[in-house]
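Quick notes on the structure that follows.
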Amino acid sequence: DPKNKKKVFRYEGLYNCVCAGEINTDRIGTLMVYRGKLYGGGNGQEFGGEGGMEGVEFFRYDGGTTWTCVHKFPRNIVQIHALQVYAGNLHAGTWVPGSVFRRNDDMNWVECGISSRYDTTEVNELTVYNGKLYAGTIPRAEVYRYESGSEWSFVKRLARVNPHRYRCCRVLCLTAFQGKLYGPGSPSAGRVLHHDFGRVFCMEAGKNVTYDDDIGSTWCHLVAVRERGSLKLYVDGTQCGTSTKFDRADFDVANDKPLLIGFGARNYFTGAMDDLRIYRGALDASQVKKLSNP
């Protein structure tokens, strides 16, 4: 239904979805929660159309069925394909140009790469992995890592075909799972069957350990341990994750920077903390179990 391209639906359980309003754009490209609010990026028609003629719009959900336009991008920004929170700020991946914009605390948007240097026409995906922001792009299904300012590092091309022969290749999604970053290389609109398409690639940068499930909304006990050549994570006394093995000499993390807890590389912590402790030595499983049941 073409009309549903402009609508947002909310799942209320038991396969029941209700309309949460209609955004005044050609279609909705992406949604993201940021600082307690839900935001949506417009997606105008190619080279014009509603939302594209005067620059695509950025919307905030105000409850019920009400969406408010809080920003209008420049005329040449036609589509917002990806939204992601990195270092406490909201970032948007766009088309024409294929660049990334950051929303600062003063609510203004500033450009922070990629297209001007890397001949990228579209940023399809943004995700945070082990402290860094990664972007998936068109037309060569390439992945880039954000460094600082407007600097991005090329990571990998996930499709080995000629993008001009097959229209274009893209990285539609990136996600972190069990300490690694995963992503596929795909053709535009699924036009071509190729040995790279339909395959999922993964990489590891540094070492980290994650809990790949919802931690819930009640109190829980968390312990992170670095012991010899591995990292371990415990939730309520049970080990739920471990990193791949590594040589301690290769990962010297000694530094003179302040220790920040709750101000991670993605969004800032929202919730409550109590009884925070730092130990000089690695706790074993029995010690963690005892601490989780005081």
Side-chain angles (χ1 to χ4, degrees), residues 11-14 32-38 83-91 105 126-134 145-147 155 173-183 200-294:
Y11 178 66
E12 295 193 339
L14 297 176
M32 174 60 64
V33 176
Y34 175 61
R35 298 188 180 182
K37 294 287 187 178
L38 178 63
L83 291 172
Q84 185 58 260
V85 182
Y86 176 64
N89 291 314
L90 189 61
H91 291 68
D105 290 336
L126 294 170
T127 196
V128 178
Y129 165 65
N130 205 9
K132 290 287 188 177
L133 178 66
Y134 289 79
R145 180 179 64 242
Y146 182 54
E147 303 299 347
V155 176
C173 58
L174 293 167
T175 191
F177 179 67
Q178 295 182 345
K180 296 182 179 181
L181 181 65
Y182 291 78
V200 177
F201 300 84
C202 71
M203 59 163 281
E204 184 179 33
K207 297 294 175 178
N208 70 105
V209 60
T210 63
Y211 181 63
D212 301 307
D213 202 350
D214 190 340
I215 206 167
S217 58
T218 59
W219 281 103
C220 63
H221 186 262
L222 303 177
V223 177
V225 178
R226 175 177 174 172
E227 181 180 17
R228 297 185 178 88
S230 69
L231 306 175
K232 299 177 182 179
L233 183 64
Y234 295 83
V235 178
D236 290 330
T238 301
Q239 184 177 333
C240 62
T242 184
S243 69
T244 55
K245 297 294 182 180
F246 59 89
D247 186 341
R248 288 179 293 175
D250 295 333
F251 293 90
D252 182 5
V253 295
N255 63 83
D256 59 358
K257 302 298 182 181
L259 176 63
L260 302 178
I261 297 176
F263 290 84
R266 193 173 181 177
N267 211 346
Y268 296 156
F269 178 74
T270 301
M273 297 184 191
D274 188 44
D275 196 16
L276 176 64
R277 305 181 185 187
I278 300 175
Y279 292 83
R280 291 186 179 273
L283 301 176
D284 60 31
S286 61
Q287 292 172 313
V288 172
K289 190 70 175 179
K290 184 177 180 180
L291 287 170
S292 68
N293 295 284

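Side chains included, hydrogens not; waters and symmetry mates left out as well; all remaining heavy atoms used.
- Here Thr242 contributes atom OG1 and Lys207 contributes atom NZ; the two are 10.0 Å apart, rounded to the nearest 0.5 Å.
- For Phe251, the CZ atom counts as densely surrounded, since its 6.0 Å shell holds more than 12 non-hydrogen atoms of other residues, nucleotides or ligands.
- Between Ala205 and Met203 the shortest heavy-atom distance is CB-CE, 3.7 Å.
- In terms of heavy atoms, Glu147 sits closest to Lys132 at OE1-NZ, 3.2 Å.
- Side chains of Ile261 and Met273 form a contact here, defined as non-hydrogen atoms less than 4.5 Å apart.
- Of the possible donor and acceptor atoms, none in the side chain of Asn267 sits under 3.5 Å from a partner among the backbone N and O of Val85.
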Between Arg35 and Asp105, is a salt bridge (Lys or Arg N to Asp or Glu O under 4.0 Å) present by the stated rule, with each step listed?
-> CA-CA 11 Å; Arg35 298 188 180 182; Asp105 290 336; 3.0 Å; yes
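- Taken to the nearest 0.5 Å, the CG atom of Asn208 stands 8.5 Å off from the OG1 atom of Thr244.
- Formation of a donor-acceptor pair under 3.5 Å by the Thr175 side chain with backbone atoms of Gly183 is not found in this model.
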May I have the step-by-step check of side chain to side chain contact (heavy atoms under 4.5 Å, CB included) for Leu291 and Tyr234, ending in yes or no?
-> CA-CA 11 Å; Leu291 287 170; Tyr234 295 83; over 6 Å; no
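- The side-chain heavy atoms of Ile215 and Leu222, taken from C-beta on, include a pair separated by under 4.5 Å.
- Just one residue in the list Tyr86, Tyr129, Tyr146 forms a side-chain contact (heavy atoms from CB on, under 4.5 Å) with Tyr134, and that residue is Tyr129.
- The minimum heavy-atom distance linking Leu283 with Val225 is given by the pair O-CG1, 3.9 Å.
- Leu174 has its side chain within reach of Leu181: a pair of non-hydrogen atoms, C-beta onward, lies under 4.5 Å apart.
- With rounding to the nearest 0.5 Å, the separation of NE2 in His91 from CG in Leu83 is 11.0 Å.
- Rounding to the nearest 0.5 Å gives a distance of 4.5 Å between SG of Cys202 and NZ of Lys180.
- With hydrogens and angles ignored, the 3.5 Å screen pairs a side-chain donor or acceptor of Asp212 with a backbone N or O of Gln178.
- Gly131 and Ala265 make their closest contact through CA-CB, 3.4 Å (heavy atoms, listed as atom of the first residue, atom of the second, distance).
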Side chain to side chain contact (heavy atoms under 4.5 Å, CB included) between Asp213 and Val235, worked out | CA-CA 11 Å; Asp213 202 350; Val235 178; over 6 Å; no
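- Between the Tyr34 side chain and the Gln84 main chain, no donor and acceptor come within less than 3.5 Å of each other.
- When all heavy atoms are compared, the tightest approach of Cys220 to Asp236 is CA-OD1, 3.3 Å.
- Separating the OG atom in Ser243 from the CZ atom in Arg226 is a distance of 9.5 Å, to the nearest 0.5 Å.
- Smallest separation of non-hydrogen atoms from Lys289 and Gly237: CD-O, 3.7 Å.
- Rounded to the nearest 0.5 Å, atoms CG (Leu260) and OH (Tyr268) are 9.0 Å apart.
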